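See structure below.
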Amino acid sequence: MEGSYLFSKRLNLQKNLIYFGFLGIFLFFAITLYNDGFLTTRNLTNIVLQTAPATIMAIGLVFVLSSGEIDLSFGSIVAVSALTTALVLQSAPLIMGIMAGLGAGLAIGFFNGILVAYLRLPSFLVTLATMGLFAGIARSMTNLRSIPVLNDTFTGIFGSGKLFSIPSLVIWTILAVLIGHIVYRHTRFGAHILAVGDNARAAQVSGISVARVRLYALTLCGGLAGLAGMLYAGRLQAAKYTLGESDLMTVIAAVIVGGTALYGGKGSIIGALFGSLMMGMLNNGLILMGLDVSDQMIVRGVIILLAVALSLRNFNRI
Amino acid sequence: MTKLAKIFISTILIIFLGSWVSAETIGPGGESATPSSEIVVGNDLVASIQAGNYTAALLWHDQSDFVNAVTAGARDEFTRLGIEVVAVTSAGFDAAKQRNDIETSLARNPSIILSLPLDPVTSAAAFEEAKDAGVALTFLSNLPSGYKHPDDYAAIVTDDLFEMGKQAADALAASMDNSGTVGWIYHDAAYYVTNQRDNAFKTTIENDYPDITIVAEQGISDPARAEEIANAMLLKNPDIGGIYVTWAGPAEGVLAVLRANGNDTTKIVTLDLSEPIALDMVRGGNVVAIIADEAYELGRAMAASAALDLMGEVVPPFIVAPAITVNADNILEGWNQSLNIDPPSSVVSAAQN
């Protein structure tokens, strides 16, 4: 009995690794950088604002990974959506810009989904190819130029605005996490995602349309990457082909550290949020510590490696 | 002509010629250039700067030998002035990360930010908060859109970009006895620094070397594609005399193609120091010259102009550091003059043999 109690306690510790890790890193920076601005409201808010696009991409990736697939193209979708929105906003009203950006993300996600779900091509290879394809399209869309976003309403809603003193990027993060969590944990679609990711053949036999679930997961991931692109465009008041390019590894690490299995059937939206915040907090704290850039990269790499190793060890045991 | 008139005309000529030479590299807003050697914090100001307990953040665009040398120049000058460096970042050419870096460093309330804005459009909003907080901003090479001197920033410091392109043309032409055909591999992006250097090369060849013809022009945005581009260029122009490559990264690819084809006659000139390129040059290979900038001096001048701005001194809006033509004969001194470090041991031993 005692052994089983200890085992279950240990399991809880491992299951909640991301939260303990997050808390540990937060406390470390809070103590070491006490006099260096880490704990100021502005700095803590900055961490949430800076990680908002990555958090939203991470939510999309949780759905895709949980279904047993992967999406490597979301960084390129971010750039295409941001540029599409910026270009449309130059000559069309706000709603058209939003629909264009979101539509571009959904359309690319749908394209990935068709290739993966109905043509039965491996998602790793499909999205590796579309990552390059849409990165090229993003470059050629504006001939490598940055496009300014001058629509104040757009930059307010998607970037620098506030509602009841809460920054709009924080609101987007909360909304995406809440809706994502409810859909993932409390809807039939969420259950189907997990069932397909856990055992696609069993899911098929039990009447779930595996292809449709995969299509929806990749489309949703594309749509959320599109939203992340618009958040970047709103925050920078401009769009550029490089947006999202460097987010791939950060987002994958955030999702894995947050408790989502790389091979499907298990995941956590709240974990992905904390994984993303942890990545942002690491970047923030290491800069404030005054470390050289190379040292920042080394420390960040070691911490991520440790966190990922512990998370994956967790899955192996279970 | 009276003596007074001679002095007057001489003065006018000196001013005219001086402005003509320095005006070749112009600022992003058309500003005329001031040599970096004129930006000096005098001993009379050092004590009051030291008493101010000022701090600085260095928010770079990327990591490289160049950035390390700029950082070293800035750090040394800041140390002399008693200014503490509280944050150093690299955005990895990511505009969103650059914005994050600015916001994060502001938590340390720096008095000075030295940075290379990744591009005018995206960095306009990114530096807004720092600008509004009254931080002394000194930019390397680029300027955020709509920023006005001296209210919004202390200065832009950059290389003598036109001179770099011109020296590349002169070096390549000299290696070809001022006649023949050349290929022009330019940076295919709207980027102020490389655009000015590339265009200066082309303009100089076209204007100063009538017996040299540019027979192939090819843009490059991804250095990894340099080999494909060079292959195509050589296929169409097998007897090409020389190739200008926009910077050292893609030049390594072009060099690899020449070697693979057994071509030891086509000359290469490129910009920015690189070990493989320098090694080929020292061993008498295809590379005839590398045009470098004085990166350490850039950092020193950035730090000095920011400190002068903090003291309320007038700082010129656009400051340029000189260019150096590095060849096999001056590689050891040239490397040190540019990056403030000794050349890699492979280059040193090849140069000494």
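Remember, it's a predicted structure, so these values are computed and weren't measured experimentally.
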Minimum side-chain heavy-atom gap B:D101-A:I287 below 4.5 Å: yes

Region of B:E103 that comes under 4.5 Å of a non-hydrogen atom in chain A: both

Within residues 27-47 of chain A, the residues sitting under 4.5 Å from chain B by heavy atom, in sequence order, are A:D36, A:G37, A:R42, A:N43, A:N46

Residue, of A:S146, A:A238, A:G290, that accumulates the most heavy atom pairs under 4.5 Å with chain B: A:S146

If you count the non-hydrogen atoms of other residues, nucleotides and ligands that lie under 6.0 Å from CE in A:M289, is the total more than 12? yes

Under the rule for ring-ring contact (aromatic ring centres under 6.0 Å, His included), what residues qualify as partners of B:F139, not counting sequence neighbours? B:F127, B:Y153

Taking B:Q98, B:R108, B:Q63 one by one, which has the highest count of heavy-atom pairs under 4.5 Å against chain A? B:R108

When the 4.5 angstrom heavy-atom criterion is applied to A:S160 and chain B, the contacting part is neither

Sub-3.5 Å donor-acceptor pair from the side chain of A:Q50 to the main-chain atoms of B:N100, do we have one? yes

Full working for side chain to side chain contact (heavy atoms under 4.5 Å, CB included) between A:I147 and B:V121: CA-CA 7 Å; A:I147 307 297; B:V121 177; over 6 Å; no

Against chain B, residues from residues 241-248 of chain A with at least one heavy atom under 4.5 Å, in numeric order, are A:T242, A:L243, A:S246

At a heavy-atom separation under 4.5 Å, does B:L106 approach chain A through its side chain, its backbone, both, or neither? both

Between A:L286 and chain B, with a heavy-atom cut-off of 4.5 Å, which part of the residue counts as in contact: side chain, backbone, both or neither? neither

Ionic contact status for A:D292 with B:R75, cut-off 4.0 Å: yes

Holding to side chain to side chain contact (heavy atoms under 4.5 Å, CB included), I want the full list of residues that pass it with B:N340, two or more places apart in sequence or in another chain. B:Y296, B:N336

Max heavy-atom pair count under 4.5 Å with chain A, selected residue of B:T71, B:V86, B:D119: B:D119

Search all heavy atoms of A:K240 against all heavy atoms of B:T122 and return the closest pair with its distance. CB-CG2, 4.2 Å

Between B:V88 and A:Q296, what is the shortest heavy-atom contact and its length? O-NE2, 2.8 Å

A:L49 portion near chain B, given a 4.5 angstrom heavy-atom threshold: neither

For each of B:S90, B:A124, B:A126, B:A87, tally heavy-atom pairs with chain A at distances under 4.5 Å, and name the one with the top tally. B:S90

Chain A contact via B:E84 - which portion, at a heavy-atom distance below 4.5 Å: neither

